[in-house]
Amino acid sequence: MTLAEKILAAHSGKERVSPGDFLNVRCDLVLSNDITAPIAIREFERLGIPHVFDPSKIVMVPDHFCPNKDIQSATQASMMREFAGKQGLVYFEVGQMGIEHVILPEKGLALPGQVIVGADSHTCTYGALGAFATGMGSTDIAVAMATGEIWMKVPPTIKFIYNGRPAKWTGGKDLILYTIGDIGVDGALSSAMEFHGQAIDSLGMDGRFTMSNMAIEAGGKAGLFQVDATTRRYLKGRTRNKYSVYASDADAEYSRVIEYDASKIEPQVAFPHLPSNTRPISRVGNVPIDQAVIGSCTNGRLDDLRLAARVLKGRKVDPHVRCIILPGSQQIYLDALKEGLIEIFIRAGAAVSTPTCGPCLGGHMGILAAGERCVSTTNRNFVGRMGHPKSEVYLANPAVAAASAVVGRIAGPGEME
């Protein structure tokens, strides 16, 4: 069996499962945020069940419109806060929180071998830890909160092999953008994506989180990495909970096997209005920008901020560009402060925000006006994603976003060397 099949078999009481099988699957973690939790809460209450199945396995994080930007978002967060307190759920508040897909691994809540479901499409992020993690609608999450189970069809698995070592300035964001550009936004539709190869073995956890995070942008149900020494180092000291490690069998059957030479992949830029509309940095041309955003559940981790700081140190953001940097969690913010990264950003003329999803979904902290362009380390560049429907979002890695902020147009860090 593949990695996804092994985890789902273990959580459904079966010795073996195959793609297309329908299962009732036991959940280890159930997640929702300030957009999706209120719907789930209302549906849960309609069930007439007084208590959730296990409050220690249900996590709520207000991160999209927090700190609250208006009365409506404050009301949604208040509803979450009240329900979480009443039920005794795991709840993270402003000042102690971060972006949901950053803090769950950071706090040792997301672990290898788990089945994790969340009312957010980027729940697939936790596949970087060797978990089966996937997004679901709020109604399904309400049932998961009540029963601890979800209904699922076993997905086929596509194996991606990245040979060779990535070139300088090429990271996880570039590998996954290149992949999406190759197979399309529906190239892995309802499939598990399994990542392998020398380039993957040398990739740090932050880069792995980025790749798993964007599996959904290829239509994937989940994006999974095997647990290795890098995974174990990351987990050390984060949790006392036991976890199970699964690995794909040598004779596992995949629906497809796709191989790439990672050493030839340049930093990638996804042009509007699809993550699959990718070009290597050498073919971007002259694209002036008004804003650069570095952060989000895709690239708001410490290694991402370190990469941006390498580019911004001793330089100034172009006076016509707004550069907004969002650490993914309070801990990452503190670590960046201790390392001097925040000072580098501020001296460069960037604005540093409290942890929030804010601009990624066009919520707040960086909305675009008509005709404006933004280069962003976020995960989607759909029409109107970051503001006005006549604005444009270009996706890139943190080094490209930082270099672009300095130059005033989309540029690679190689131009500054």
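These numbers come from a predicted model, not from an experiment.
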query: Asp174 side chain to Gln268 main-chain N or O, any donor-acceptor pair under 3.5 Å?
result: yes

message: For a 4.5 angstrom cut-off between non-hydrogen side-chain atoms, does Val59 reach Phe92?
response: yes

message: Checking side-chain polar atoms at under 3.5 Å, does Glu217 have a donor or acceptor matched by the opposite partner on His122?
response: yes

message: Closer than 4.0 angstrom, basic N to acidic O: yes or no for Asp303 and Arg306?
response: yes

task: Please check if the distance between the ring centroids of Phe209 and Tyr234 is under 6.0 Å.
output: yes

Test item: Asp21 side-chain N/O and Val154 main-chain N/O as donor-acceptor pair under 3.5 Å: no

- request: State whether a side-chain donor-acceptor pair under 3.5 Å links Asn163 with Gln198.
  value: no

statement: Between His64 and Thr356, the two heavy atoms sitting closest are O-OG1, 3.9 Å

query: To the nearest 0.5 Å, how far apart are CZ in Phe382 and CG in Leu361?
result: 12.5 Å

field: Stepwise side-chain contact (heavy atoms from CB on, under 4.5 Å) test for Val321 and Asp290
entry: CA-CA 5 Å; Val321 174; Asp290 303 282; over 6 Å; no

query: Got a salt bridge between Glu266 and Lys168, using NZ or NE/NH1/NH2 to carboxylate O under 4.0 Å?
result: no

query: Does any N or O in the side chain of Ser404 come within less than 3.5 Å of the main-chain N or O of Val400, such that one atom is a donor and the other an acceptor?
result: yes

query: What are the two closest non-hydrogen atoms of Asn277 and Pro272, and how far apart are they?
result: ND2-O, 2.8 Å

task: Decide, yes or no, whether a salt bridge links Arg373 with Glu392 under the criterion of side-chain N to carboxylate O below 4.0 Å.
output: yes

message: Quick check on Tyr178: does its OH atom have over 12 non-hydrogen neighbours (other residues, nucleotides or ligands) under 6.0 Å away?
response: no

task: Establish, from distance only, whether the side-chain atoms of Gln226 and Ser248 form a donor-acceptor pair under 3.5 Å.
output: yes

message: Under a plain distance cut-off of 3.5 Å, with no hydrogens placed, do Tyr126 and Gln114 share a side-chain donor-acceptor pair?
response: no

query: Which one of Asn213, Asp120, Thr125 satisfies the side chain to side chain donor-acceptor pair (under 3.5 Å) criterion with His101?
result: Asp120

query: Would you say the side-chain atoms of Thr298 and Asn379 include a donor-acceptor pair closer than 3.5 Å?
result: yes

message: Within the structure provided, determine whether Val269 and Ile410 are in side-chain contact (heavy-atom separation under 4.5 Å).
response: yes

Audit row: Leu307, Trp169, side-chain contact (heavy atoms from CB on, under 4.5 Å) steps and yes/no: CA-CA 9 Å; Leu307 197 60; Trp169 303 114; 3.9 Å; yes

field: Backbone of Cys297 reached by a side-chain donor or acceptor of Arg301 within 3.5 Å
entry: yes

query: Is the shortest heavy-atom distance from the side chain of Arg81 to the side chain of Ser78 under 4.5 Å?
result: yes

message: Heavy-atom count check: over 12 atoms from other residues, nucleotides or ligands less than 6.0 Å from Glu82 CD?
response: no

- prompt: Can you find a heavy atom in the side chain of Pro55 that is under 4.5 Å from one in the side chain of Gln87?
  reply: no

- request: Mark yes or no: Lys86 above the aromatic ring of Phe83, with NZ or CZ under 6.0 Å from the six-membered ring centre and no more than 45 degrees from the axis.
  value: no

- request: Tell me yes or no: between the side chains of Thr157 and Thr2, is some donor less than 3.5 Å from an acceptor?
  value: yes

message: Between the side chains of Glu43 and Arg46, is the shortest nitrogen-to-carboxylate-oxygen separation below 4.0 Å, so that they form an ion pair?
response: yes

- request: List the steps, then state whether side-chain contact (heavy atoms from CB on, under 4.5 Å) holds for Asp318 with Val406.
  value: CA-CA 5 Å; Asp318 184 281; Val406 172; over 6 Å; no

task: Using modelled atom types only, decide if a donor and an acceptor are shared between the side chain of Ser191 and the backbone of Ile158 within a distance under 3.5 Å.
output: no

Show every donor-acceptor pair shorter than 3.5 Å between a side-chain atom in residues 130-141 and any protein atom, with sequence neighbours excluded, or say none if there are none.
unit_1	atom_1	unit_2	atom_2	d
Thr134	OG1	Lys221	O	2.7
Ser138	OG	Thr36	O	3.0

statement: Distance col, row Ile216:CD1 vs Thr123:OG1, nearest 0.5 angstrom, shows 9.0 Å

field: Side-chain donor-acceptor contact under 3.5 Å, Ser121 with Arg380
entry: yes

query: Counting distance only, does the side-chain N/O of Asn381 pair as donor-acceptor with the main-chain N or O of Leu274 below 3.5 Å?
result: yes

query: Between the main-chain N or O of Asp63 and the side-chain N or O of Asp34, is there a donor-acceptor pair closer than 3.5 Å?
result: yes

message: Nearest 0.5 angstrom please: Ile258 CD1 to Lys159 NZ, how far?
response: 12.5 Å

query: Any chance the side chains of Asp261 and Tyr162 put a donor and an acceptor closer than 3.5 Å?
result: no

message: Using only atom types and a distance under 3.5 Å, with no angle test, would you say the side chain of Asn68 pairs donor to acceptor with the backbone of Asp70?
response: no

- prompt: Hey, does Val284 have a side-chain heavy atom less than 4.5 Å from the side chain of Phe271?
  reply: yes

field: Heavy-atom pair with the smallest gap, counting every atom of Ala144 and Ile150
entry: CB-CG2, 3.8 Å

field: Electrostatic pair Arg208:Asp228 at N-O distance under 4.0 angstrom
entry: yes

- request: Under the side-chain hydrogen bond (donor to acceptor under 3.5 Å, both in side chains) rule, collect the residues that match up with Glu253, sequence neighbours excluded.
  value: none

message: Measuring only between side-chain heavy atoms, which start at C-beta, is Leu129 closer than 4.5 Å to Met205?
response: yes

query: Would you say Thr179's side chain and Leu175's backbone share a donor-acceptor pair under 3.5 angstrom?
result: yes

message: Using side-chain heavy atoms (C-beta onward) and a distance below 4.5 Å, is Ile99 in contact with Cys360?
response: no

- prompt: Is there side-chain contact between Phe160 and Ile183, with heavy atoms separated by less than 4.5 Å?
  reply: yes

- line: The reported gap from OG1 in Thr230 to CG in Leu235 (rounded to nearest 0.5 angstrom) is 11.0 Å

- request: With rounding to the nearest 0.5 Å, note down the distance linking CD in Glu106 to CD in Gln330.
  value: 9.5 Å

- request: Check the pair Met80 / Tyr91 against side-chain contact (heavy atoms from CB on, under 4.5 Å), numbers first and verdict last.
  value: CA-CA 9 Å; Met80 286 179 71; Tyr91 179 75; 4.2 Å; yes

- prompt: Quick one: OG on Ser12 to CD1 on Ile7, what's the gap to the nearest 0.5 Å?
  reply: 11.5 Å

- prompt: For Gly172 and Thr210, which heavy atoms make the closest approach, and how far apart are they?
  reply: C-CG2, 4.2 Å

field: salt bridge (Lys or Arg N to Asp or Glu O under 4.0 Å) contacts in which one or both residues fall within residues 340-361, not counting sequence neighbours
entry: Glu343-Arg347

- prompt: Is the backbone of Ala247 close enough, under 3.5 Å, to the side chain of Lys6 for a donor and an acceptor to pair up by distance?
  reply: yes

